[in-house]
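What follows is a short report on a single structure.
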Amino acid sequence: MKLSKNYKFWFCTGSQDLYGDECLRNVAEHSRIIVEELNKSGVLPFEVVLKPTLITNELIRKTFNEANIDEDCAGVIVWCHTFSPAKSWILGLQEYRKPLLHLHTQFNEEIPYDSIDMDFMNENQSAHGDREWGHMVTRMGIERKVVVGHWTSQAVREKIASWMRTAIGIVESSHVRVMRVADNMRNVAVTEGDKVEAQLKFGWEVDAYPVNEIAEAVGAVSESDTNALVDEYYDKYEILLEGRDADEFKRHVAVQAQIEIGFERFLEEKNYQAIVTHFGDLGALKQLPGLAIQRLMEKGYGFGAEGDWKVAAMVRIMKLMSAGMKDAKGTSMLEDYTYNLVPGKEGILQAHMLEICPTIAEGPISIKCQPLSMGDREDPARLVFTSKEGPGIATSLIDLGDRFRLIINSVDCKKVEKPMPKLPVATAFWTPQPDFATGCEAWILAGGAHHTAFSYDVTAEQMGDWAAAMGIEAVYIDNNTNIRDFKKDLMLGNVVFGK
Ligand code: MN
């Protein structure tokens, strides 16, 4: 499973021919230096490519259209070194369809007090030119990110890096294809949604396959392939027999190995990057895919349980946005399961029947084999672990009937006070910001689901920007949230996005 493509970002400097050739030579040279230094910094996850200085309407339009059709280009960074009359940009911007960053910077960091003259000011007037440009982008209602500061600043470079990852989430969204080998769980509301509207808004293709087609692909996996993967599991994970017979245990684990290989082959052959299952609709599968789904999520596939295709697509997108991050801590589907309500120790225990991604694990990962109280299949093998501490975000994309809303909750992940030896599933534990009661109240008022797409690595700002690019409502629940203002956010969303 390929998580990151060799994307590039174009650097386009705005100017005009009013200031003479020498000035334009300097503009081009300064832009070249900025691009070179940004690429050398090691902060940006993708390469920046310098484009010729944009000084005419024709060149602006041509460059933006080339960016549209270049499959490797994931976005354009614009900066106006001098003044660039913004009417020159109208047609190019109207036709441009990819993520846009306005880097509001200046070549020199300090005013050259002793030597500054009018020529210098005319050459270095982004304070002026970038306002003209920003005015047009605002007037045209185009979503863009604005990053302000000197291009050598670490904070500026980190903001560009963060936006690049958001841009990947935006351009990759229309390449997400979700395979449904089970429908929504009967009578459940929050995992439902309008798949046509999802394709219009996000570009997602969400398709159904009979579960027995994938079960056939599982059945076709050879015993030798299966055994080789079982050996890999036994090398990599702790085996917790818990009184079970060792051979019988291994046979149960082998069922999951066969599912992992069969599912992956089927998904690859049919070009899907995310999958949903349902414990009540397993056809010829011998076990609910547990360990198998956990491993597929680790490889970068999106997953949603009980037919939850919205979560499957969101997990995939958040994995793409965080792909290749240094010191990444993980991204997974999670489910709000049970509470600790002891004053001062409040939190939500996150788990699922089985399917939690091991990228979020801390410490040893073990395989257990236990009965599943739901469904009517063999005891499934699963990976069991606890998760990392630290901040993260839980997101829930809901369908309100007339629109989608993305709820983004900043959460603080913690260790539970004591081990839970009888709980045979992977877990995380967090306190929602700003505090347990306010966080849960806001989540419920917003209509948030019990399944979430969670990440330690993707930020609330990135997901809010992603939602804005998709043209949908986003609400934030974090340390700035209070219920009175949050209700106003929801009311505002109804005015702006409601029909
Ligand atoms: Mn569930």
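Atoms within a ligand are numbered from 1 in the order they appear, just like the ligands themselves. Each residue takes its place number in the sequence, starting with 1.
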* Taking atom NZ of Lys487 as the centre, report whether more than 12 heavy atoms of other residues, nucleotides or ligands fall under 6.0 Å from it. =>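 Check fails, neighbour count at 12 or below.
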
Opening angle between OE1 in Glu306 and OE2 in Glu335, taken at the Mn ion (ligand 1), to 10 degrees: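 For OE1 of Glu306 and OE2 of Glu335, the angle centred on the Mn ion (ligand 1) reads 160°.
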
Vertex the Mn ion (ligand 1): angle to NE2 of His352 and NE2 of His451, to 10°?
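Nearest ten degrees: 100°.
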
Flag Asp308 as yes if one of its N/O/S atoms falls below 2.8 Å of the Mn ion (ligand 1), otherwise no.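 So Asp308 does not bind the Mn ion (ligand 1) by this criterion.
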
query = Is the charged tip of Lys319 near the ring of Phe303: under 6.0 Å from the six-membered ring centre and within 45° of its axis?
reply =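 Output no; distance or angle outside limits.
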
Given the ring of Phe266, does Lys270 sit roughly above its face, with NZ or CZ under 6.0 Å from the centre of the six-membered ring and within 45° of the axis?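 Judged by the rule (NZ or CZ under 6.0 Å from the ring centre, within 45° of its axis), Lys270 counts as positioned above Phe266.
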
- request: Answer yes or no: is there an ion pair linking Arg244 with Asp379, defined by an N-O contact shorter than 4.0 Å?
  value: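 Looking at Asp379 together with Arg244, the answer is yes, because their closest N to O distance falls below 4.0 Å.
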
